[in-house]
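Quick notes on the structure that follows.
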Amino acid sequence: MGLQLEPSFVQEAEHRPEPTISDAGAIPLVDLSSPPPTLIADIEAACRDWGFFQVVSHGVPLELLEGVQSMAKEFFSLPLEEKKRVQRDEENPVGYYDTERTQEVRDWKEVFDFTVKETFHIPVTEEDGRVRWREVRNQWPEHPPGMREACKEYRKAMEDLSFRLLELIALTLKLPPNRFNEFFKDTTSFIRLNHYPPCPSPDLALGVGRHKDAGALTVLAQDDVEGLDVKRKSDGKWVRVKPIPNSYIINIGDMVQVWSNDKYESPEHRVSVNSEKERFSIPFFFNPAYYTNIKPLDDLITEENPARYDEFNWGEFFMGRSNSNFKKLGVENTQIHHFKKKEQSLSSGGGHIVADHGNMGFQTVLNRKHVPGAVNGVQIQNLSPGADHIDSVHVAQVLEQVSGASVERIHSGLSGIVQNRSGAGCACTKSETKVLEFSQKFPGK
Ligand SMILES: O=C(O)CCC(=O)C(=O)O
Ligand SMILES: [Fe+2]
């Protein structure tokens, strides 16, 4: 295996795995053979308190999983040139690759992706605004023989289990069990075979950097080597998920978060690596049809519980996420909090704006303030219980969230130098208040 620990893998200090991770009070365990009232109550509690749980008695034959696991092992042990024969690229986003980035940092892993539909088409918007159809087509390797069949059988079982889980989740929300089914007719679901080789510096790199899964649900099989960490909602601590034989780990994705209007949240998680053992895992990402427009379900919206998200299109959201995995963009990639309704527009006058960086675990108070000579000025204050500093990327996001226009440059205030929004090194440290000037680009100008 050819991964070399070069700088692109090294996490910033604040995101490196801590030497000790609490593994007490493991994530909830749900027995899918429990009688319905217990089962629904257990799933509701698990979705509400964690968004992450393990299931047993799930009905997926163990041989199907073992079949795919042994194919994955054989495939990843092939020479790199052989694996690259089915390499994914910017045109066709499925196949083999070892260059994925999460939050701008390379992941210590190699993967093979395949979709549930052997082939489908998605519209992509070119830079000149023209829309063209891109074909997504599974690329099956010649070796090991039988991989395609094993994977196909397994994905059917994953789809069945996911529909069942989503029906149970609908029941916990007091919705008809099939309420979500319409969104998955032309599903963009896919399976990922993950291989995390031993890493010489597990203190610096991560197998997958901190992230939330974008789709509706993830159904994950891990082997007996631990490494998956989930951020506990109650206190923001990273908790190691202990492998349980013949179980699946379920996590709520961003789309269920939006449909449920934040009743359930998509939890942040990551994968730590270790220096001795390789690890394999197989997530099934259960995703809607690309043309699905996503918004909080009308059935759940009331005057007391108004919609917290603007409507957006799943296909565009997902493409925005995946594109940034190919190249370093210098900005945070598309995240679900970008679609949160704006509480108040900056241009609507003075005042006090609280921007909620849900997935980063901190809040910022913005006070509109006129700064002479600047295009725009704001006062920011880091009220974060969890983040030691807010950097320019975060500030730019907040400004964009509240004003609806993209931030081009931060002129001064953070580090005193002109920088684009991806400039590093500037900070607003805990409890600090700073005034900064920035310029924005409004759509169409
Ligand atoms: O390998 C794992 O345990 C989790 C992987 C994961 O979170 C992902 O691929 O999105
Ligand atoms: Fe994930």
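Note that the structure is predicted; figures quoted are calculated from it, not measured. Along the sequence shown, the residues carry numbers beginning at 1. Just follow the structure's listing: the first ligand is 1, and inside any ligand the first atom is 1.
Residue contact check: Pro283 has heavy atoms under 4.0 Å from atoms 9 (O) of ligand 1. Atoms of ligand 1 lying under 4.0 Å from any heavy atom of Val271, numbered from 1 in the order shown and given with element: 1 (O), 2 (C), 3 (O), 4 (C), 5 (C). For ligand 1, the atoms sitting less than 4.0 Å from at least one non-hydrogen atom of Asp213 are 10 (O), numbered in the order shown with element in parentheses. Residue Asn194 has at least one heavy-atom neighbour below 4.0 Å for each of these atoms of ligand 1: 1 (O), 5 (C), 9 (O). Remark: ligand 1 atoms within the under-4.0 Å shell around heavy atoms of Phe285 are 8 (C), 9 (O), 10 (O). In the vicinity of His269, heavy-atom distances shorter than 4.0 Å reach the ligand 1 atoms 7 (O).
Annotation: atom 3 (O) of ligand 1 to nearest protein heavy atom, Arg279 NH2, 2.9 Å. Closest protein heavy atom to atom 10 (O) of ligand 1: His211 NE2, 3.0 Å. Looking only at heavy atoms of the protein, atom 5 (C) of ligand 1 is closest to Tyr196 OH, 3.4 Å.
At a 3.5 angstrom cut-off on N or O pairs, Gln222 does not count as close to ligand 1. Of the N or O atoms in Arg192, none lie within a sub-3.5 Å distance of an N or O in ligand 1.
Between the side chains of Tyr96 and Glu110, a donor-acceptor pair is found at a separation under 3.5 Å. Between Trp50 and Glu265, the side chains place no donor N or O within less than 3.5 Å of an acceptor N or O (distance only, hydrogens not considered). Between the side chains of His58 and Asn246, at least one donor-acceptor pair of N or O atoms lies under 3.5 Å.
Considering just the N/O/S atoms of Asp213, the one nearest the Fe ion (ligand 2) carries the name OD1.
Aromatic ring pairs are classed by plane angle as parallel below 30°, tilted from 30° to 60° and perpendicular above 60°; the pair Phe76 and Phe280 is tilted.
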